[in-house]
Colleague: 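After the structure tokens below, expect a handful of questions from me.
Not measured: the values here are computed from a predicted model. Any value given below was found using the heavy atoms of this structure, including those in side chains, with hydrogens, waters and symmetry copies removed.
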Amino acid sequence: MEKTKSSKISLEITSNELKPILEQGETPLFKTFLAGKWVSSKEYIDVKSPIDGSTIAKVPRLSLNEVNEALDVNYEKGRWDIRNLPGEKRLKVYHRVADLLEKTREDFVNALIMNNGKIRAAANGEVDASIERLIRADLDAKKIYGDFVPGDWSSESLETEAIVTREPLGLVLAIVPFNYPLFDTVNKIVYSTVIGNAVVVKSPSSTPLPLLMLARLFELAGLPPTSFSIITVPGRDMDEIVKDKRFQVISLTGSTETGEHVIRVGGIRQYLMELGGGDPVIVLKDATFPLTAQRIATGITSYTGQRCDSVKLIFAEPEVYETLKVQLVQEISKVKVGDPRDGATTAGPIIDEKTADEWENAIDDAKKKGANILVGGKRLGPTYIEPALIEVNKSKLRDLYLFNKEVFASVAILVKVDDANEALNLANSRRYGLDASVFGNDINRIRELIRKLEVGAVYVNDAPKHGIGYFPFGGRKDSGVGREGIGYTIEYVTAMKTIVYNYKGRNVWKYM
């Protein structure tokens, strides 16, 4: 496995479209977009690269007063400006952003490599997904519909009728995670504004650069400038903003603990939250190999496990357990950890040392409780780890930190179970319920597991992957509130309004 290069980390923006948002120098100073204005600030936040911990840029650290001034505009003017822009013109804005994103692709790819530590293929993949999400906004628009309710089915409502509409709630607070800062921002802006909401995006402190660059594209594409803002505020300073009742929707992708805190602080309003996961996999005795091992290994190691839908638990029936174990070790051993700028690297760094510390401590906890490290599990540097596969006796499983908490890095537990029912009970006993996978060929057994798994999505013969949200996703239990997905999220950023028309005494209807 490869370690990091020693070459200097630097970030350079080359696209003319993006240059106005920053002052290029030894350390680039980015501006942020607040309700139509690009602003600097008195204080700045250092943006560090997980590649070597060096500072690659600075972004404004906004004060509460600066945020409130922008919110005044977003709320008083922006929520009407976006609502008054015809829907067909909103779709044209998204298509223009998609074109601009393709034109400036290399700058976005480099930002995702430097700021997120993504390998080039993964960075290109996030740009591709963002472009496709923008283009597919027309599918969201097709879910914006209402109902007609005739009044003649009740004596109380004779000679009346109603229509039930969906309309924007007004102003959405979108809280974006560090791991997919470009795509998740595109997704939240599209499903918020396509129906006519204004949106304020809270950038992740560790990976804000793709968001700020994206804001410039939305500005150039013609999204009403008063209708969106990007606020660069540390999470610990967000409570007063979360309390602001001008936000009628809070959309959050993040940890369960963050979600719980936001609900406590935010009080009564509409929430949409994709929270902690760490998904279980059940491997039945008739699973197909090597496909099963290959898909599971990808689910463990993709983006170094820094995904809510990453595979963290594998339950295998006795008939296939040894085969699965051998092949998983082979597949995970192929991963090359190193500098994401190196074309040979297939797994880059963890986002920060704190997360790598938690990963290391969780593995130590497992070893102390009798677990066997089958492959990996070594720390190669402050933010570099070897993907780990850990074998655990089922009697010890519930005692492990890795079972009870979502560790956001490449590590999975392999457990031999007596049968699928035991695997089901263990999977359902966790606090999380985001996704699960089942590998096998007996459709009757698979269908029974699908019915009983307490999760938001089940993947059959594949590892979980949310992609662009073409299929809806979201969690049960401590894994979230609501569903994200093209067309499906409209329900959570809109309000139903019933309009009743009274025609009594006007001879419109003549009932017997």
Colleague: In Å, rounded to the nearest 0.5 Å, how long is the span from CG of Leu171 to CG of Asp244?
Modeller: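 Answer for the CG-CG pair, Leu171 versus Asp244, is 8.0 Å.
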Colleague: Is there a salt bridge (Lys or Arg N to Asp or Glu O under 4.0 Å) between Lys243 and Glu240? Walk through the geometry before answering.
Modeller: CA-CA 5 Å; Lys243 290 176 186 176; Glu240 290 303 313; 3.2 Å; yes
Colleague: Kindly check if the number of other-residue, nucleotide or ligand heavy atoms within 6.0 Å of CZ (Phe178) is above 12?
Modeller: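 Enclosed: over 12 neighbouring heavy atoms sit under 6.0 Å from CZ of Phe178.
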Colleague: Would you mind checking if Arg61 and Asp237 are paired as a salt bridge, meaning a charged N to carboxylate O distance below 4.0 Å?
Modeller: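 The answer is yes: the pair qualifies as a salt bridge.
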Colleague: Thinking salt bridges, do Asp72 and Arg246 make one under a 4.0 Å N-O criterion?
Modeller: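 Yes, Asp72 and Arg246 are salt-bridged.
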Colleague: Do Thr207 side-chain atoms and Asn115 backbone N/O form a donor-acceptor pair below 3.5 Å?
Modeller: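 No; zero donor-acceptor contacts below 3.5 Å.
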Colleague: Atom CD1 in Ile300, atom NZ in Lys312: separation rounded to 0.5 Å?
Modeller: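 Nearest 0.5 Å value for the CD1-NZ distance: 9.0 Å.
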Colleague: Any heavy-atom pair between the side chains of Arg90 and Val194 that's under 4.5 Å?
Modeller: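 No, their side chains stay 4.5 Å or more apart.
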Colleague: As a quick check of understanding, evaluate salt bridge (Lys or Arg N to Asp or Glu O under 4.0 Å) for Asp239 and Arg264, giving each step before the final call.
Modeller: CA-CA 10 Å; Asp239 281 7; Arg264 283 195 300 269; over 6 Å; no
Colleague: Do Glu317 and Arg445 sit within salt-bridge range, that is, some charged N less than 4.0 Å from a carboxylate O?
Modeller: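 The answer is yes: the pair qualifies as a salt bridge.
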Colleague: Let me confirm one number: the CD1-CD1 distance from Ile282 to Ile314, rounded to the nearest 0.5 Å.
Modeller: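 Going from the CD1 atom of Ile282 to the CD1 atom of Ile314 covers 12.0 Å.
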Colleague: Checking side-chain polar atoms at under 3.5 Å, does Ser251 have a donor or acceptor matched by the opposite partner on Tyr191?
Modeller: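 On atom types as modelled, these side chains qualify, holding a pair under 3.5 Å.
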Colleague: Could you walk me through whether Val283 and Ile296 pass the side-chain contact (heavy atoms from CB on, under 4.5 Å) test, one step at a time?
Modeller: CA-CA 10 Å; Val283 182; Ile296 294 173; 3.8 Å; yes
Colleague: Taking Asp184 first and then Lys188, would you say they form a salt bridge - that is, a charged N and a carboxylate O separated by under 4.0 Å?
Modeller: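 Salt bridge between Asp184 and Lys188, a charged N being under 4.0 Å from a carboxylate O: yes.
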Colleague: Answer yes or no: is there a donor N or O on one side and an acceptor on the other, between the side chain of Thr304 and the main chain of Ser410, under 3.5 Å?
Modeller: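 Pair absent, no side-chain N/O of Thr304 close to backbone of Ser410.
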Colleague: How would you list, by chain and number, every residue that makes a side chain to side chain contact (heavy atoms under 4.5 Å, CB included) with Ile499, sequence neighbours excluded?
Modeller: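 Listed in chain order: Ile163, Thr165, Lys497, Tyr501.
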Colleague: Can you tell whether the side chains of Arg79 and Asp81 come within less than 4.0 Å, N to carboxylate O?
Modeller: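 A salt bridge is absent here (no side-chain N lies under 4.0 Å from a carboxylate O).
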Colleague: Is it the case that over 12 heavy atoms from other parts of the model lie below 6.0 angstrom from the NZ atom of Lys77?
Modeller: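 Open.
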Colleague: How about Leu434 and Asp279: do any of their side-chain heavy atoms sit closer than 4.5 Å?
Modeller: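 Yes - at least one pair of side-chain heavy atoms lies under 4.5 Å apart.
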Colleague: Could you check whether any side-chain N or O of Ser310 sits under 3.5 Å from a backbone N or O of Gln306, counting only pairs where one atom can act as donor and the other as acceptor?
Modeller: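 No, because the side chain of Ser310 does not come within donor-acceptor range (under 3.5 Å) of the backbone of Gln306.
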Colleague: Quick check against the 3.5 Å criterion: does Asp435 have a side-chain atom that pairs as donor or acceptor with the backbone of Asp309?
Modeller: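 Absent.
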Colleague: Arg216 versus Trp38: any side-chain heavy-atom pair under 4.5 Å?
Modeller: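 In short, these two side chains touch, coming nearer than 4.5 Å.
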Colleague: Atom CG in Leu91, atom CG in Asp138: separation rounded to 0.5 Å?
Modeller: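 Reported value, rounded in 0.5 Å steps: 6.5 Å.
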Colleague: Stepwise, does the salt bridge (Lys or Arg N to Asp or Glu O under 4.0 Å) test hold for Lys405 with Glu257?
Modeller: CA-CA 10 Å; Lys405 295 279 287 184; Glu257 291 74 19; 3.0 Å; yes
Colleague: Is there a donor-acceptor pair under 3.5 Å between the side chain of Glu274 and the backbone N or O of Thr253?
Modeller: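 Flag not set: sc Glu274 to bb Thr253 has no pair under 3.5 Å.
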Colleague: Please say whether more than 12 non-hydrogen atoms of neighbouring residues, nucleotides or ligands are located less than 6.0 Å from CZ in Phe148.
Modeller: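 Atom CZ in Phe148 is packed in, count exceeds 12.
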Colleague: Would you mind listing every ring-ring contact (aromatic ring centres under 6.0 Å, His included) that reaches into residues 69-114, with sequence neighbours excluded?
Modeller: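 Residue pairs passing ring-ring contact (aromatic ring centres under 6.0 Å, His included), neighbours aside: none found.
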Colleague: Can you confirm whether Lys143 is buried at NZ, in the sense that more than 12 heavy atoms of other residues, nucleotides or ligands lie under 6.0 Å from that atom?
Modeller: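 Above 12, so yes.
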Colleague: Under a 3.5 Å distance rule, please check whether Asp152 uses its side chain to pair with a backbone N or O of Leu158 as donor and acceptor.
Modeller: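 Answer holds: no.
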Colleague: Ignoring hydrogens and angles, tell me if any N or O in the side chain of Thr32 forms a donor-acceptor pair with the backbone of Pro60 under 3.5 Å.
Modeller: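 No; judged by distance alone, with no hydrogens or angles, the pair does not exist.
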Colleague: What do the steps show when you test Tyr492 against Val481 for side-chain contact (heavy atoms from CB on, under 4.5 Å), and what is the final call?
Modeller: CA-CA 10 Å; Tyr492 301 96; Val481 177; 5.9 Å; no
Colleague: Does atom NZ of Lys142 have more than 12 heavy-atom neighbours from other groups under 6.0 Å away?
Modeller: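 Count not over threshold, so no.
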Colleague: Charged N to carboxylate O under 4.0 angstrom, Lys31 versus Glu219?
Modeller: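 Here Lys31 does not pair with Glu219 in a salt bridge, since their nearest N and O are not under 4.0 Å apart.
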Colleague: What distance do Leu18 atom CG and Leu217 atom CG have between them, rounded to the nearest 0.5 Å?
Modeller: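 Output value for this atom pair is 5.5 Å.
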Colleague: His466 vs Phe473 aromatic rings, parallel, tilted or perpendicular, using cut-offs 30° and 60°?
Modeller: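 Plane angle under 30°, so parallel.
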Colleague: Identify which one of Ile241, Asn74, Val199 satisfies the side-chain contact (heavy atoms from CB on, under 4.5 Å) criterion when paired with Phe247.
Modeller: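 Result: among Ile241, Asn74, Val199, Ile241 is the only option passing the side-chain contact (heavy atoms from CB on, under 4.5 Å) with Phe247.
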Colleague: Taking the side chain as everything from C-beta on, heavy atoms only, tell me whether Thr258 gets closer than 4.5 Å to His261.
Modeller: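 No, too far: nothing below the 4.5 Å cut-off.
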Colleague: Quick one: which of Val176, Leu62, Val201 gives a side-chain contact (heavy atoms from CB on, under 4.5 Å) with Ile230?
Modeller: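 It is Val201, the one option of Val176, Leu62, Val201 that forms the side-chain contact (heavy atoms from CB on, under 4.5 Å) with Ile230.
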Colleague: Could I get the full list of salt bridge (charged side-chain N to carboxylate O under 4.0 Å, His left out) partners for Glu76, not counting sequence neighbours?
Modeller: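 Glu76 satisfies salt bridge (charged side-chain N to carboxylate O under 4.0 Å, His left out) with no residue once adjacent residues are dropped.
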Colleague: Report yes or no: do Asn461 and Thr288 form a side-chain donor-acceptor pair below 3.5 Å?
Modeller: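 Thr288 and Asn461 do not have a side-chain donor-acceptor pair below 3.5 Å.
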Colleague: When you measure from the side chain of Arg295 to the backbone N and O of Phe439, does any donor-acceptor pair fall under 3.5 Å?
Modeller: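 Answer holds: no.
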Colleague: Leu223 versus Val97: any side-chain heavy-atom pair under 4.5 Å?
Modeller: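 Side chain of Leu223 against side chain of Val97, heavy atoms only: no contact under 4.5 Å found.
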Colleague: Salt bridge between Glu167 and Arg83, side-chain N to carboxylate O under 4.0 Å?
Modeller: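 Yes.
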Colleague: How about Pro210 and Thr185: do any of their side-chain heavy atoms sit closer than 4.5 Å?
Modeller: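 Sidechains of Thr185 and Pro210: no contact.
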Colleague: So does Lys89 have more than 12 non-hydrogen atoms from other groups sitting under 6.0 Å from NZ?
Modeller: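 Check fails, neighbour count at 12 or below.
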Colleague: Treating Asn425 as the side-chain partner and Asn421 as the backbone partner, does any N or O pair qualify as donor plus acceptor under 3.5 Å?
Modeller: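 The answer is yes, because a donor-acceptor pair under 3.5 Å joins these two groups.
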Colleague: Mark yes or no for whether Thr256, through its side chain, and Ser479, through its backbone, hold a donor-acceptor pair below 3.5 Å.
Modeller: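 No; judged by distance alone, with no hydrogens or angles, the pair does not exist.
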Colleague: Is Glu126 salt-bridged to Arg307, cutoff N-O under 4.0 Å?
Modeller: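 Salt bridge: no.
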Colleague: In terms of side-chain geometry, is the basic nitrogen of Asp128 or Arg105 positioned less than 4.0 Å from the acidic oxygen of its partner?
Modeller: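 Looking at Arg105 together with Asp128, the answer is yes, because their closest N to O distance falls below 4.0 Å.
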Colleague: Below 4.0 angstrom, N of the basic side chain to O of the carboxylate: do Lys37 and Glu66 qualify?
Modeller: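 So Lys37 does not pair with Glu66 through a salt bridge.
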